[in-house]
Amino acid sequence: MSRSIPIRVLSKRDVESLLTPDEILETVEQTFRALGEGSIFHPVKEPIWLDEEKHNMLIAMPAYLRQDGVVGMKWINLFEKQQPGLPSSYGNILVLNHPENGQPYAIMEATSITTCRTAGGHGVVAAKYLARKDSKVIAMIGCGEEAKAGVRSFLTTFPQAEELRVCDIRAEAMAEMERLFGDRIRVVACPDAKDAVASAHIVLLVTTSRKPIVRFDWLKKGAFVAGLYQFYDLDPACSRRADKWVLGSKDTDKHQIVLNPLMAEHHLSMDDVYADLGEIVAGKVPGRTSDDEIIVYTHMGMGALDVAVGDLAYRRAEARNVGTIIDLS
């Protein structure tokens with residue numbers, strides 16, 4: 001006789017209805033603290049390249065959050081050369097399993113989780129520890145869905161911010177940022193990236209560009225810059241010339257950023273890394289220690305963030321009976 005295998009399935013709409021920016025920020029910060037305390041296991045993610053030119057890939061991102069007894073995996077696609085009509089990353093899923101017996105109990109749409117835990121998650125948590133506390137000007141390079149999530153969280157974490165400078169190759173995307181956030185902060189459209197970052201205290205890059213868009217020489221003294229696509233769209237010289245270069249996770253970013261064969265010509269080195277965000281959030285290493293420091297933060301994401309946010313969505317869904325129950329038996 002087969003045993004029942006009940007699984008709660010959550011759609012994109014379900015996930016988005018269950019998560020708030022404040023809860024996401026708290027969950028992401030707690031996950032980095034757990035990383036710094038050594039209670040997270042997340043193997044290095046290796047891409048499955050689907051073309052010889054290495055434009056398109058699939059990645060498995062498993063993680064075990066020991067302190068919470070939560071284990072799972074995000075299965076994500078990243079297509080630089082995507083078919084017409086599809087975003088570069090879409091249709092991703094997250095699976096959660098019971099650590100005591102390995103049985104799956106939740107499957108959910110994960111593109112929405114990636115969106116909210118990236119710019120609006122670890123990008124903002126990094127800024128909380130590494131940006132000047134009196135930061136008033138934010139530059140957002142790229143105005144897609146992740147950028148929108150980032151702005152929502154930044155406006156909560158940095159309520160003193162007075163100006164949002166937005167830059168995108170699409171004029172309509174910059175106009176939408178004005179429409180969405182113009183009643184909360186002054187929004188300035190900057191078709192030129194140099195103009196966008198020149199006066200910014202906080203710079204967030206949220207693009208899919210494979211060429212640097214922001215140069216180190218454009219940054220003002222005391223700036224914090226977050227490269228969420230590592231050094232594909234951010235000047236690799238930042239790793240050496242900034243006062244501090246912080247990784248999200250030394251365990252995974254060493255391989256995904258520093259030793260990435262696609263970055264070989266830039267000669268990135270772990271010797272230039274000041275710390276990772278886990279060490280800083282856990283209080284093992286200080287973050288910003290001077291208002292004049294230029295601090296750069298790069299991270300390629302880690303499955304632990306997706307699993308932690310996915311667990312939050314699952315717990316909210318259980319409490320509210322959201323989603324669909326299927327039986328795999």
Side-chain angles (χ1 to χ4, degrees), residues 16 19-25 28 87-89 111-112 114-209 211-229 232-235 238 291 294-298:
E16 291 174 342
L19 301 172
T20 67
D22 287 346
E23 289 178 320
I24 292 165
L25 279 175
V28 169
S88 59
S89 182
T111 305
S112 53
T114 303
T115 298
C116 67
R117 68 80 159 147
T118 305
H122 69 82
V124 177
V125 171
K128 176 180 176 180
Y129 287 87
L130 301 174
R132 289 174 53 136
K133 302 302 181 186
D134 61 350
S135 295
K136 291 182 171 58
V137 180
I138 300 170
M140 191 70 65
I141 312 301
C143 297
E145 293 304 313
E146 286 191 15
K148 295 170 190 172
V151 172
R152 294 185 185 97
S153 293
F154 267 112
L155 293 180
T156 298
T157 308
F158 292 87
Q160 79 282 0
E162 299 173 351
E163 184 171 286
L164 173 66
R165 304 181 70 80
V166 297
C167 179
D168 197 282
I169 58 176
R170 299 165 299 141
E172 63 273 19
M174 294 187 285
E176 185 175 12
M177 296 293 263
E178 163 67 28
R179 180 181 64 81
L180 290 173
F181 304 110
D183 61 336
R184 299 180 60 185
I185 190 171
R186 181 169 64 251
V187 179
V188 179
C190 304
D192 181 67
K194 182 177 181 180
D195 182 46
V197 307
S199 61
H201 301 104
I202 294 173
V203 179
L204 194 71
L205 286 92
V206 195
T207 83
T208 57
S209 174
K211 296 181 179 180
I213 298 171
V214 171
R215 298 292 177 182
F216 178 82
D217 290 332
W218 301 349
L219 303 173
K220 68 179 293 181
K221 186 177 293 186
F224 163 74
V225 56
L228 303 184
Y229 198 31
Y232 286 129
D233 55 1
L234 176 62
D235 184 359
C238 290
D291 283 347
I294 294 179
I295 301 180
V296 59
Y297 164 77
T298 57

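In this chain, numbering begins with 1 at the start of the sequence shown.
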- Query: For R170 and D168, what are the C-alpha separation, side-chain angles and deciding distance, and is it a salt bridge (charged side-chain N to carboxylate O under 4.0 Å, His left out)?
  - Reply: CA-CA 5 Å; R170 299 165 299 141; D168 197 282; 3.1 Å; yes
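Atom OG1 of residue T207 and atom CD of residue E146 lie 10.0 Å apart, to the nearest 0.5 angstrom. Note that CD1 of I169 is 8.5 Å distant from OG of S209, once rounded to the nearest 0.5 Å. Interatomic distance, C116 SG to E16 CD, rounded to the nearest 0.5 Å: 8.5 Å. Separation of atoms CG (L25) and OG1 (T20) is listed at 9.0 Å; rounding is to 0.5 Å. Between the CE atom of M177 and the SG atom of C167 there is a distance of 11.0 Å, given to the nearest 0.5 Å. The distance from the NZ atom of K128 to the CZ atom of F154 is 12.5 Å, given to the nearest 0.5 Å.
For E162, there are no side-chain hydrogen bond (donor to acceptor under 3.5 Å, both in side chains) partners at least two apart in sequence or on another chain. Qualifying side-chain hydrogen bond (donor to acceptor under 3.5 Å, both in side chains) partners for D235, counting only residues two or more places apart in sequence or in other chains: none. With sequence neighbours excluded, no residue forms a side-chain hydrogen bond (donor to acceptor under 3.5 Å, both in side chains) with R152.
Side-chain contact between F216 and V296 is absent, with no heavy-atom pair separated by less than 4.5 Å. For the pair D233/I141, no side-chain contact is recorded, criterion being any heavy-atom separation below 4.5 Å from C-beta on. Two residues are said to be in side-chain contact when any heavy atoms from C-beta on lie closer than 4.5 Å; E145 and K148 meet this criterion. Side-chain atoms of L204 and I138, non-hydrogen and from C-beta on, never get closer than 4.5 Å to each other. For the pair K136/E163, no side-chain contact is recorded, criterion being any heavy-atom separation below 4.5 Å from C-beta on.
Under 4.0 Å is where a charged nitrogen must lie from a carboxylate oxygen, and between R215 and D217 no such pair does.
Between T111 and S89, the closest heavy-atom pair is CG2-O, 3.7 Å. Taking both residues in full, the closest heavy atoms of A131 and F158 are given as CB-CZ, 4.2 Å, listed atom of the first, atom of the second, then distance. Contact detail for M140 and A147: the closest heavy-atom pair is CG-CB, 3.7 Å.
For residues 190-207, every residue pair satisfying the salt bridge (Lys or Arg N to Asp or Glu O under 4.0 Å) rule, not counting sequence neighbours, is listed here: R165-D195. Pairs passing the side-chain hydrogen bond (donor to acceptor under 3.5 Å, both in side chains) check and including a residue from residues 114-126, sequence neighbours excluded, read K74-T114, R117-D306, H122-Y297. Pairs of residues two or more places apart, or lying in two chains, never qualify as salt bridge (Lys or Arg N to Asp or Glu O under 4.0 Å) while including a residue from residues 220-229.
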